Amino acid sequence: MIGIGSPFGDDNVGLQVARILAEAPPPDCDVIIADRPGAGLIELLDGADAAIVIDSVCSGAPPGTIHELKFDDLRHYPAGLVSSHDLGLATAIQLARALGRAPVCGRIIGLEIAPPRSQPTGLLSSHSKASIGRLVDRVRACAAELTAESNV
Amino acid sequence: MQSRAKKNKTIQINYLARVEGECALHIRMRDGQVADLRLEIFEPPRFFEAFLRGRDCREIPDLTARICGICPVAYQMSTVHAFERSFGISIDPAVRALRRLYFCGEWLESHSLHIHMLAAPDFLGCESVVTMAEKNRGAVERGLRIKKVGNAIVAALGGRSVHPVGACIGGFTRAPSRAQLSALREQLLKIRDDAIECVRWVSGFDLPDLSRDIEFVSLQHPDEYPMNEGRIVSNRGIDAPVDEFDNLFEEHQVPYSHALHCKVKGRGPYFLGPLARINLNFDRLGSDIIAIARETGISWPSSNPYDSIVARALEVLYAIDEAVRVIDHYEPPAAHAVSFEPRAGVGRAITEAPRGSLYHAFETDDRGLLRSVRIVPPTSQNQARIEADLRELAPELVEQPQPVATRMCEMAIRNYDPCISCSTHFLKLEIEKL
């Protein structure tokens, strides 16, 4: 389980969820608080039987919506959009898959946040704060499902 | 009528991919001539120069480092050098060597990413690094290996590989042990063959020739390949101390870009970055790398911007060798940082970011609070030169279908590995036929 984000505002959601999960990780699971790993995500995924990446999402859905994507769903994402600062999340996962270094069972669980510029930095919004518990539960349920799948 | 239509064209790229940041390109051709060409940087300005005013000098290295996610080391270094020059601080030679190692880490991270993830797909006809990985897995793995070692160096000195915090005025917040650096040495030696292979790989690409009469500018040090010290030199006679920056270059605003353009006073655009550094400092690469550079088939100095990818690969090799050299000679400094008292004055410094010379100037009061700030990033300085290259390329674009024209423009821009968010971000192309 890999939490991704930055220390600022609602972008911190993935890291906060990972910290809570790290206190009592599900059986056979490692929790990684990864900040913004860029291409480093490829190494973090390498060798895992299954992976869940937790991040905040801006898609235009109502804030607080929980999204769940399979890694495979990223096939249609335009990989050409790469920042020179580093690889974005979708490109890093796609590249890990192309290099054979990503687990077959992979999910991205994301919490919809309000567009960052409408929030003060450093604090979670009330929407996000209220969603943390639900998000932790969703990741735990997904971990149980993936653990069962990868043990088959 | 048909021939006239062929000579008139508008190319509009509304968002340029595989560069850092947000900008667009608009080209309007009339009768086969460029009627209008604008590299439009619409990344919002961040007002660093304004909000740093009034802050304590000790806070600044960690703040300027946030200007860029991939060249924070250069931002920290230009900052600390500027203050150290202003306050009359002499740093320990071991700290000076560690700063070169810090630069090596950043060049490895940035150059390996640009070569393998951003630029190479263009030359191999791939849409992205993901499709390139399907055909050329080994090359992508090689790029990731090199980048990983760069990250490890930056993390060793900066505390973490992303947004490092280790540098401070007078030195570092801590100095690594010999054992810590020895572990890095082993990793560096493992990627040296990768770096040589990378030089051969990129020099085998079908690089277009856009050789032009270009003014190249970089730092030059009497006996080192330039990183954090030296004089400003060019192939057209500039040879001046860093303090002369404002007498040599002028910034000016263009209405369509949030980043200021720069020119050599009385002349015009100039070219910063790996190709400029190699052209002006070839003899400082060392005999091994000079021999490998000559094997590329490029006649150095090169005035072809497309040779930048080869220059970048040669700098990867240089950074590996230089990092090993620093580690081999390393004795931990007596103090990780020297103490200092701020003074009223002005400090200026240039260091060589991966993309080229990065100028900082700070004026402080006697408490070390900032009265004024100037930050002139390399991408900002390269903008006018990028536009000049696109003007040269434009007549060839008219006959091309839009996707080909767009790709050609993006490749020309990527020669400079632009970091748009530093300069204020990348590319929407619009070619308008009249």
Side-chain angles (χ1 to χ4, degrees), chain A residues 2-9 11-12 14-15 32-47 55 58 71-102 106 115-118 120-122, chain B residues 15-22 44 68-72 109-114 116-119 121-122 126-138 140-141 143-148 150-152 155 160-163 354-355 379 407 410 414 416-422 425-426:
Chain A
I2 304 170
I4 288 177
S6 76
F8 306 105
D11 195 29
N12 195 5
L15 303 180
I32 300 169
I33 300 163
D35 202 270
R36 289 143 288 183
L41 185 62
I42 298 167
E43 298 226 354
L44 298 178
L45 294 171
D46 200 5
D55 201 356
C58 277
F71 284 0
D72 204 36
D73 297 332
L74 297 171
R75 275 176 307 171
H76 307 297
Y77 187 88
L81 296 174
V82 179
S83 152
S84 80
H85 277 181
D86 215 326
L87 305 186
L89 174 61
T91 307
I93 291 173
Q94 285 174 292
L95 187 53
R97 284 166 62 89
L99 295 172
R101 292 170 68 175
R117 83 185 51 151
S118 65
T121 57
Chain B
Y15 193 91
L16 194 78
R18 277 190 274 133
V19 297
E20 203 296 309
E22 295 167 353
C68 181
I70 201 150
C71 40
E109 282 180 327
S110 178
H111 286 352
S112 62
L113 183 80
H114 185 266
H116 297 87
M117 314 286 155
L118 305 176
D122 286 333
C126 299
E127 183 203 338
S128 72
V129 65
V130 176
T131 49
M132 193 179 95
E134 287 158 5
K135 293 185 202 165
N136 206 332
R137 177 176 172 167
V140 178
E141 296 274 15
L144 291 169
R145 280 195 297 272
I146 296 171
K147 186 175 188 308
K148 187 179 174 187
N151 288 355
R160 56 193 182 196
S161 62
V162 179
H163 298 309
R355 288 148 194 81
T379 295
R407 173 63 62 95
E410 291 188 341
R414 273 198 277 274
Y416 294 82
D417 187 12
C419 187
I420 310 290
S421 54
C422 286
H425 263 237
F426 209 95

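Remember, it's a predicted structure, so these values are computed and weren't measured experimentally. First the proteins, then the strands, lettered A, B, ... as listed; each starts at 1. Computed over heavy atoms, backbone and side chain alike; hydrogens, waters and symmetry mates excluded.
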Grab the two heavy atoms, one from Ala98(A) and one from Val130(B), that are nearest each other, plus how far apart they are.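 Ala98(A) and Val130(B) have their closest heavy atoms at CB-O, 3.8 Å.
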
Does Leu95(A) reach the side chain of Met117(B), with side-chain heavy atoms less than 4.5 Å apart?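 Yes, at least one pair of side-chain atoms sits under 4.5 Å.
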
Lys/Arg-Asp/Glu bridge criterion (N-O < 4.0 Å) met for Glu141(B), Arg101(A):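 Salt bridge between Glu141(B) and Arg101(A), a charged N being under 4.0 Å from a carboxylate O: yes.
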
